[in-house]
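Okay, so here's the structure we're looking at.
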Amino acid sequence: MEEKYKPKKVEDKWQKFWDSEDLFGVIESPDRKKFYCLEMFPYPSGRIHMGHVRNYVIGDVIARYKRMRGFNVLHPMGWDAFGLPAENAAIKHGLHPSKWTRNNIDYMRMQLKKLGLSYDWKRELATCDPEYYRWNQWLFLRMLERGLAYKKKSSVNWCSSCGTVLANEQVIDNACWRCDTTIVQKKLEQWFFRITAYAEELLNDLHTLKNWPERVLAMQRNWIGRSEGVEVTFRIEGSDLSVRIFTTRQDTLYGATFVSIAREHPLLDELIKDEKIVEEIKSLSDDPEEKEGVFTGLYAINPLSGDKLPVWVSNFVLMEYGTGAIMAVPAHDQRDFEFAIKYDLPVKQVIFPERAESAGGPLEEAYEGEGVLLNSSGFSGLQSDKAREEIANFIEKENLGCKNTNYRLRDWGISRQRYWGTPIPVIYCKTCGIVPVPENELPVLLPEGEQNVDNAPLPLSDVKSFIAVKCYECGEDAERETDTMDTFVDSSWYFIRYCSPSFKDGPVDSRAVDHWMPVDQYIGGIEHAVLHLLYSRFFTKVLRDIGLIKAGEPFDRLLTQGMVIKDGAKMSKSKGNVVDPDLLIDTYGADTLRIFCLFAAPPERDLEWSDSGLEGAYRFLNRLWGIVCKNSITSGGEIEFKSLKKDKDLSGLLRKIHQTIRKVTNSIERDYHFNTAIAALMELLNEIMASKPSTSDGKDIFRFAINSAVILLAPFAPHIAEELWEKTGNKGSVFGAPWPVWDEETVKEEEIELIIQINGKVRGKLGITAGLDDETISQKAFADPKIKEYVGDKPVKRVVIVKGRLVNIVV
RNA sequence: GGGCGAGUGGCGGAAUUGGCAGACGCGCUGGACUUAGGAUCCAGUGGGGUGACUCGUGGAGGUUCAAGUCCUCUCUCGCCCACCA
């Protein structure tokens with residue numbers, strides 16, 4: 001009696017089996033090669049979505065494959081559990097963020113298990129767990145000691161809807177990355193991590209990340225934004241003060257016609273006493289589109305040319321970058337050009353494109369390219385690149401300034417005025433100032449339970465019992481810091497914690513960490529190209545410098561998977577185009593869902609959802625199931641390739657098996673293109689179904705084909721593979737079976753078909769046995785009646801023979 | 001404005017890196033079985049032509065015996081960064 005494929009039954013059975021055998025639990029093992037496979041952990045929002053499914057299935061295939069290849073595979077999972085949505089949900093559902101988060105974790109863990117993911121669940125962690133976030137605090141204190149954590153008052157990004165400050169990386173198009181509310185600037189005193197101290201290393205080490213996608217590297221390079229140039233001091237006329245400017249275009253120094261400084265520039269406090277000008281500066285537009293300026297009445301002296309330049313305050317000069325002051329060269333900088341036109345300031349051209357020196361006439365726009373210097377005293381006639389070098393040297397020699405490098409990267413603001421996060425472990429004492437919480441007082445626990453009438457958890461600044469504390473140094477009344485940490489702090493080192501998730505004496509057990517780190521394969525969405533991936537690199541370097549770990553880079557190989565798309569748009573609740581994985585697993589099974597996600601597109605590309613594509617995946621598994629049951633291949637177990645005799649009828653199938661082994665293995669090893677691996681398995685199945693074994697040797701080959709297909713399928717559709725493995729009389733888990741090896745000789749076709757081209761166009765085919773010499777092949781080609789006709793009596797210029805592929809006759 | 005990608009049938013996508021373009025799947029067409037088919041199986045399926053053939057990888061050139069693949073120019077789309085001096 002043929003048994004129908006019932007995915008639910010099969011999947012329940014094998015998930016229980018894996019659990020009870022603890023098949024994916026792992027410990028350090030010195031005699032096996034390790035492989036650390038990691039997917040970005042999810043925020044416990046409530047339910048798994050298709051993006052998660054795709055991400056985790058890709059990771060699972062890699063983890064299972066590597067395990068089958070004999071690696072000791074670490075494959076953990078956890079929860080990025082702090083964050084604002086929990087607070088919003090609390091208001092909506094009347095649940096405490098902690099309760100809401102825990103409920104979600106429980107539900108989502110169950111969902112992940114239903115997908116059959118091969119995690120070592122004993123390593124599970126949640127960042128909202130005090131045993132996790134205490135080490136956030138511990139690390140913060142270490143960074144504080146080293147001056148890598150500090151507090152400063154500055155202009156920060158404020159999202160009024162979220163009620164908190166955001167880091168620069170979390171502002172997209174001047175709006176909040178979570179809720180899209182327009183950001184306003186606020187002057188606040190906030191905690192920062194000095195990521196800029198690592199700017200140079202973060203940039204340089206990008207070169208070592210050979211297995212990262214080029215565009216992620218480019219985005220990080222861009223974000224760090226290194227520029228080399230010079231700082232030059234301009235004396236203020238009639239004063240002993242001066243203004244220092246930064247430029248990368250010192251070759252245009254002689255073209256400077258005015259100086260622009262930022263609104264917050266300290267020089268203004270010193271020298272501007274005229275209330276009217278002060279007022280005008282205050283009323284400058286904040287709109288970055290509109291360039292506005294105010295003349296200060298001051299003049300600065302260009303130390304090279306001696307020119308007297310008016311000093312303007314401009315709304316587009318940033319105090320935070322460089323020196324907060326620039327020399328303006330309208331002829332060679334478009335922004336300065338527009339400003340000069342608007343305020344009728346002079347334009348002085350000093351760089352001329354080659355062979356166009358006497359272009360003459362007023363400029364239409366700034367010329368920002370390279371060229372030859374003119375009107376530049378002793379530097380005239382030089383190429384701009386050469387001039388940059390010589391002028392920089394001259395400036396240093398004459399003590400007018402110095403070479404300098406600036407970065408776009410700013411320090412990472414980590415203070416959040418929110419409840420659901422890691423409390424920052426410092427207190428404020430009237431006499432002792434900022435006092436770090438001593439190590440033995442950690443963790444500073446997040447108080448539970450205090451909510452306002454709307455069920456909104458109170459920010460810590462409103463929780464009196466939390467704030468009140470005795471100073472750790474003088475014992476007097478003091479107050480706790482009430483800001484919590486950015487949740488990106490939590491996720492910047494969780495992959496390190498996984499190595500020793502329950503270690504009590506520190507954030508990491510160095511022995512375990514040095515064994516597992518770095519992560520060999522990291523998989524996640526491109527949206528973290530700068531945010532999480534930059535912060536994690538920073539943290540890894542800090543932990544290394546603290547002496548906790550050896551690795552200097554966290555992720556050796558990075559795969560950024562594409563989005564899941566439906567009807568041309570990313571799946572989202574607001575667009576109403578979401579597909580719920582739960583429902584699909586119940587009707588088709590996890591294996592079908594997995595196969596579809598892997599087959600429909602290569603991992604790095606976007607995946608267009610298709611209901612009928614899913615059906616196709618289901619059919620494929622059903623056909624495989626059917627052929628095993630129909631042929632009642634229920635005994636015999638594993639078959640050794642060596643024991644197989646060639647059967648005339650099925651030599652084609654035998655060859656196909658080996659070709660499939662090669663194709664599947666190479667597809668995974670080369671670039672994780674699982675779509676082509678599965679396509680190859682489908683081809684093999686098609687050929688199995690077309691085979692009619694009659695002899696006993698043929699039946700062996702047939703069974704070998706099915707056995708191989710089942711093993712090769714296992715990383716992709718693990719449950720059905722286990723079931724069929726068992727059904728075909730094998731003992732134990734299919735994941736204990738060795739990965740099959742192909743035999744080069746068997747892969748080769750005995751009879752090959754050469755194509756015959758005339759002048760590069762296909763004109764005929766030639767069936768020959770493999771391994772014939774060129775001379776014979778050529779003779780055979782010319783003997784072909786059709787070819788004879790084509791060639792006729794035209795003179796043959798050349799015959800190109802490509803082994804095993806074609807003959808090209810040029811006439 | 002700068003950076004990074006990508007353009008292949010009706011659709012998702014293949015093509016051992018210069019060697020039969022369209023593997024595999026979806027969809028579609030016809031057939032079988034069926035009370036029925038949105039199940040299953042069989043056959044077909046890039047365009048044009050009865051045909052031999054011919055045209056085809058965004059477009060235009062080029063290199064080559066041979067180009068989706070390499071070079072030059074160009075168009076379109078997507079993503080990222082953007083007064084960073």
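Letters A, B, ... are given to chains in the order of the sequence lines, protein chains preceding strands, and every chain is numbered from 1.
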The side chain of [X] is closest to which nucleotide in this list: [options]?
X: Glu214(A); options: C81(B), G5(B), C84(B); result: G5(B)
X: Thr676(A); options: A14(B), G12(B), C65(B); result: A14(B)
X: Thr248(A); options: C53(B), A85(B), G3(B); result: A85(B)
X: Leu318(A); options: A23(B), C81(B), A85(B); result: A85(B)
X: Val802(A); options: G25(B), G19(B), A14(B); result: G19(B)
X: Arg763(A); options: C53(B), G12(B), C65(B); result: C53(B)
X: Tyr321(A); options: C24(B), A82(B), C84(B); result: C84(B)

For [N], does either OP1 or OP2 sit under 4.0 Å from a side-chain N or O belonging to [X]?
X: Arg605(A); N: A6(B); result: no
X: Arg215(A); N: C80(B); result: no
X: Asn808(A); N: U64(B); result: no
X: Ser227(A); N: A85(B); result: yes
X: Arg408(A); N: A82(B); result: yes
X: Asn675(A); N: A14(B); result: yes

Exercise. Between G25(B) and U45(B), how far apart are the C1' atoms? Round to whole Å, please.
Key: 14 Å
Quiz prompt | Atom C1', compared across A67(B) and U72(B): separation rounded to whole Å | solution = 15 Å
Quiz item: Do Glu683(A) and Lys656(A) meet the salt-bridge criterion of a basic N to acidic O distance under 4.0 Å?
Solution: yes
Quiz item: Any ion pair linking Lys403(A) and Glu389(A) (charged N to carboxylate O, less than 4.0 Å)?
Solution: no
For atom [atom1] of [X] and atom [atom2] of [N], their distance in whole Å:
X: Arg335(A); N: G2(B); atom1: CZ; atom2: P; value: 14 Å
X: Leu806(A); N: C65(B); atom1: CG; atom2: C1'; value: 10 Å
X: Glu604(A); N: G13(B); atom1: CD; atom2: C1'; value: 12 Å
X: Met682(A); N: C26(B); atom1: CE; atom2: P; value: 7 Å
X: Ile326(A); N: C84(B); atom1: CD1; atom2: P; value: 9 Å
X: Ile758(A); N: U54(B); atom1: CD1; atom2: P; value: 12 Å
X: Leu409(A); N: A82(B); atom1: CG; atom2: P; value: 12 Å
X: Asn222(A); N: C4(B); atom1: CG; atom2: P; value: 9 Å

Watson-Crick or G-U wobble mate for [N], both contacts under 3.5 Å:
N: A43(B); result: U29(B)
N: U57(B); result: none
N: C65(B); result: G19(B)
N: A6(B); result: U76(B)
N: A52(B); result: none

Identify whether any heavy atom of [X] sits under 4.0 Å from a base atom; if not, whether one sits that close to sugar-phosphate; answer base, sugar-phosphate or nothing.
X: Arg410(A); result: base
X: Glu615(A); result: nothing
X: Val329(A); result: nothing
X: Pro602(A); result: sugar-phosphate
X: Gly225(A); result: nothing
X: Asn686(A); result: sugar-phosphate
X: Arg619(A); result: sugar-phosphate
X: Asn622(A); result: nothing

Quiz item: Can you say whether the rings of Phe246(A) and Tyr321(A) are parallel (under 30°), tilted (30 to 60°) or perpendicular (over 60°)?
Solution: perpendicular
Pair [X]-[Y], side-chain donor/acceptor within less than 3.5 Å:
X: Arg537(A); Y: Gln220(A); answer: yes
X: Thr233(A); Y: Arg244(A); answer: yes
X: Tyr588(A); Y: Glu615(A); answer: yes

Self-check item: Anti or syn - G37(B), cut at 90° from 0
Solution: anti
Self-check item: Residue met sooner reading RNA chain B from 5', once Val171(A) and Ser610(A) are mapped to nucleotides
Solution: Ser610(A)
Quiz item: How about Leu681(A) and Thr660(A): do any of their side-chain heavy atoms sit closer than 4.5 Å?
Solution: yes
Quiz item: Under 6.0 Å from the CZ atom of Arg215(A), do we count more than 12 heavy atoms belonging to anything else shown?
Solution: no
